J.: 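First, the structure itself, so that you have it in front of you.
Because the structure is a prediction, the values reported are computed rather than measured. Ligands are counted one by one from 1 in listed order, and the atoms in each one are counted from 1 as well.
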Amino acid sequence: MRSLLIFKLIITIVTLQTVSASKFDKDWHTYSNYQEVVSTHVDLQLTIDFDKKQLNGSIEHELKYLRKGVQELVLDTRDIDIHRVESYRGGEWSDTDFVLAERDPVRGSKLTIALPRMTKRVKVHYNSRPEASGLQWLSPIQTAGKKHPFMFSQSQAIHARSWMPIQDTPAMRVSYTADVQTSSDLRPIMSAENDPKWNKNGNYHFEMPQPIPTYLIAIAAGNIHYKKMSKQTAIYAEPELLDASAAEFEDTQAMIEASEKLYGKYRWTDYDLLILPPSFPFGGMENPRLSFITPTVIAGDKSLVSLIAHELAHSWSGNLVTNATWRDLWLNEGFTSYVENRIMEEVYGKERAVMEQALAYQDLKKELIGLPKADTILHITIEGRDPDDAFSGVPYTKGQLFLMFLEQRFGRQDFDTFLKTYFNDHAFKSIDTANFTEYLEENLINRFPGKVSMKEVDVWINQPMLPSNSPRPSSDVFDKVQSHMNSWFSNDVKLSNIPTQKWTVHEWLYFINNLPMDIKLDRLNRLDKQFKLTQSTNNEIAHAWLLLNIKRSNPAVNTRLADYMISIGRRKLIVPLYKALLEDKNKLAFTQKIYDKARPGYHPLAQGTIDALFEKKD
Ligand code: BES
Ligand code: ZN
C-alpha cells in the first residue's frame, strides 16, 4: 500500500514536470492535443505517385502521455484522404475509430482518433491530394532537364499537415524514419540521414535521429544527382545545375566553421544543399541536414550566397532552438538574420557584411511604411490568421536590428558568449517570446547592469515600427556610390565616367534602390543603354531594376519583365513586381496576361499570395 502511494507520488511529480515543460501558451495554429499526449517519433511509409500527384501510404506515431486518462489523439490534417486508422496495444494492431472534422480555412481538418486504454502507437493510412498546399508537383517542362518530373515539400509554417496527419506545431518535436518508394529513374530525398547512392529498385530509407519540429520534415524527388563538395557538404541537384551550384556554394564548409567558432558545434552531422527548380517559392528553407535552395541565387560570382549563410544559421536558431508558436517567428528569423550576417563577416569580411546590413535596413524602412502598424511588432498577434499572410521583413530585419542593438550596448564579446550559451541552454527545445525575455533579463540585462533596461527591451519586442535607439547601418562604400549618383544628377559627370567596372552586386543594388522615385524615363533609358540593366543575369539586380521601371511606367522593360515573371516563382522576387503593377489600373490587362501564363508554373503558396493581390483589385 505504502509503496503504491510512493509510486503514485512519483508518477504525479513526473507528470507535473513534463506538463510544466510545455510552459508556453497553446499554439493557436494547431488543433492537436499535444498538451495531453505527444507523438515523439513518426515512421512514414510512402509511395510517391507522380501520375496522381499523391503521396500514398501511412504514418505511425509513437505516443507519450502527459496526462492520465487521455482518450483521444487529435492530429492536424488539411486536404488529406484518410483510409483507415489502427492502434497498437498489447502487442497487436487493430482498427480504431476516427472523425475527420469540417475544414477550417486556416487550420484545416481536425482528425480525432479514439485511443483505447494503453495505446502506444497509432497508424494512419492516407493519401495526400494533388492540391496539397505543402507540395508542388512539377511536370518535366518545369525542370532544368525537361525530361523527368519533380516534386518537393515546403512545410513551414503549417503545411506539413497537408501531406501527413501530424501534430503540426513547433512547440513539440519528433524524430522520424521513412521508407519511400518511387519509380526507379527518380531519386527521393529527405531532411534526414540517407545513403547518397542511387538505388536501382526505387526504395529509399531515411532516418532523422534528432528530434525536430514537424515543419522541418521535408521530402523531394526528381532526377536528383549528387556531388560532394567537402568534408561535411554536398550538392543535390538536377545534373544540369550540379557543377554551377558546387562552384557557387564552395564556401559552405568555411561558413560551417565560422559559425561553429562563434556559436558552438554544428549538431546535424552533414550539411547538404538541394537545388530546386526555379518555382521554389522561397529563397531557401532550412530543412535539417539538407537546406532547400532556389536556383535564382546561382549568379556565377557568389554575390548572393548570404542565403546559404542564412539557411545554415538556422542550424542553431530555428532548428536547434525553435519558436514555440508562429507568433514567435522573430526568434527564428531575427536571430538567423543576425547570425547570417556574422557568418558573412567572418567569411567575406566586414565591408560586405555592412553593405548587406545597410541594404536590409533600407528595405525594411520602405516596407514598414506600407504595413499595418500591428504587423510591425516583433511579437505579432496572428491568432485567426494564416501565418503566411502575416509574413514580412519585420521578424527578419527588425529582429536582426534588435540583436545588433544588444551587441552594441553589451559589446561583442559578452553578447557572443550570451548567444552561444542561449543556443546551448535551449538546444532541441522550443521557446516563446516570454521565455526568451525572461532568459535575456537574467543572463544579460541583470548580469551587466546599467546597459539596457527592460523597458527598452519591451519597446523593441512589443511596440510597432523601429525604436528611436535602433542601429542605422550605413556603408562607406555606398556613400561613394551615392556621391557618384548625385554628380550624375547634377550633370557634373557623365555615366561613362562613373567607376562602375569594379562595383559589386551590392553597390549596384544600392545604386538602383536609391535612384529618385521621380527619375525621368530618359535617364532610366540612358542608364540601361550604358549598363544593360534590363538584361542583367543577376536576379536581384534584375528585380530591383524591373521594380523601378514598373513604378516609372517604362514600357521598354515589358518583354524582359514578362520573361522574368514566367521563369521565376520565388515569392520575394515576384510579389513586389505584381504589387507595383497592380497599383496602376491601366496595367491590369497586361499584368493579368502575364499572370495567366505564369500561374500554372507557380507553387500553390505563390499562387495564393498573388491571387489575393488580384482579388483586392476586383
Ligand atoms: N524559414 C525561412 C522561410 C520561411 C519562413 C518559410 C516562414 C515559411 C514561413 C527561410 O529560412 C528564409 O528565411 N528564407 C528567406 C531567405 C533570406 C532571408 C536570406 C527567403 O526565402 O527569402
Ligand atoms: Zn530564415
J.: Less than 3.5 Å apart, N/O on ligand 1 and N/O on the protein: could you list those pairs with the distances?
T.:
{"from": "ligand 1", "atom 1": "1 (N)", "to": "Gln156", "atom 2": "OE1", "distance (Å)": "2.7"}
{"from": "ligand 1", "atom 1": "1 (N)", "to": "Glu286", "atom 2": "OE1", "distance (Å)": "2.6"}
{"from": "ligand 1", "atom 1": "1 (N)", "to": "Glu286", "atom 2": "OE2", "distance (Å)": "3.2"}
{"from": "ligand 1", "atom 1": "1 (N)", "to": "Glu333", "atom 2": "OE2", "distance (Å)": "3.0"}
{"from": "ligand 1", "atom 1": "11 (O)", "to": "Glu286", "atom 2": "OE1", "distance (Å)": "2.9"}
{"from": "ligand 1", "atom 1": "11 (O)", "to": "His310", "atom 2": "NE2", "distance (Å)": "3.3"}
{"from": "ligand 1", "atom 1": "11 (O)", "to": "Glu311", "atom 2": "OE1", "distance (Å)": "2.7"}
{"from": "ligand 1", "atom 1": "11 (O)", "to": "Glu311", "atom 2": "OE2", "distance (Å)": "3.2"}
{"from": "ligand 1", "atom 1": "11 (O)", "to": "His314", "atom 2": "NE2", "distance (Å)": "2.9"}
{"from": "ligand 1", "atom 1": "13 (O)", "to": "His310", "atom 2": "NE2", "distance (Å)": "3.0"}
{"from": "ligand 1", "atom 1": "13 (O)", "to": "Glu333", "atom 2": "OE1", "distance (Å)": "3.3"}
{"from": "ligand 1", "atom 1": "13 (O)", "to": "Tyr396", "atom 2": "OH", "distance (Å)": "2.6"}
{"from": "ligand 1", "atom 1": "14 (N)", "to": "Gly284", "atom 2": "O", "distance (Å)": "3.3"}
{"from": "ligand 1", "atom 1": "14 (N)", "to": "Glu311", "atom 2": "OE2", "distance (Å)": "3.4"}
{"from": "ligand 1", "atom 1": "21 (O)", "to": "Gly283", "atom 2": "N", "distance (Å)": "2.5"}
{"from": "ligand 1", "atom 1": "21 (O)", "to": "Gly284", "atom 2": "N", "distance (Å)": "3.4"}

J.: So, do Phe415 and Phe405 have ring centers that fall under 6.0 Å from each other?
T.: no
J.: Could you check whether Lys572 pairs with Glu540 (Lys NZ or Arg NE/NH1/NH2 to Asp/Glu carboxylate O, under 4.0 Å)?
T.: yes
J.: Anything under 30° is parallel, anything over 60° is perpendicular, the rest tilted; go ahead and classify Trp330 against Phe402.
T.: tilted
J.: Does Glu333 bring an N, O or S atom to under 2.8 Å of the Zn ion (ligand 2)?
T.: yes
J.: Could you tell me whether Phe292 and Phe282 have their ring centroids closer than 6.0 angstrom?
T.: no
J.: So if I apply the ring pair (Phe, Tyr, Trp, His ring centres under 6.0 Å) rule between His426 and each of Phe436, Tyr439, Phe335, which one comes out positive?
T.: Tyr439
J.: Looking at Pro170 and Ser430, what are the two nearest heavy atoms and their distance?
T.: O-OG, 2.7 Å
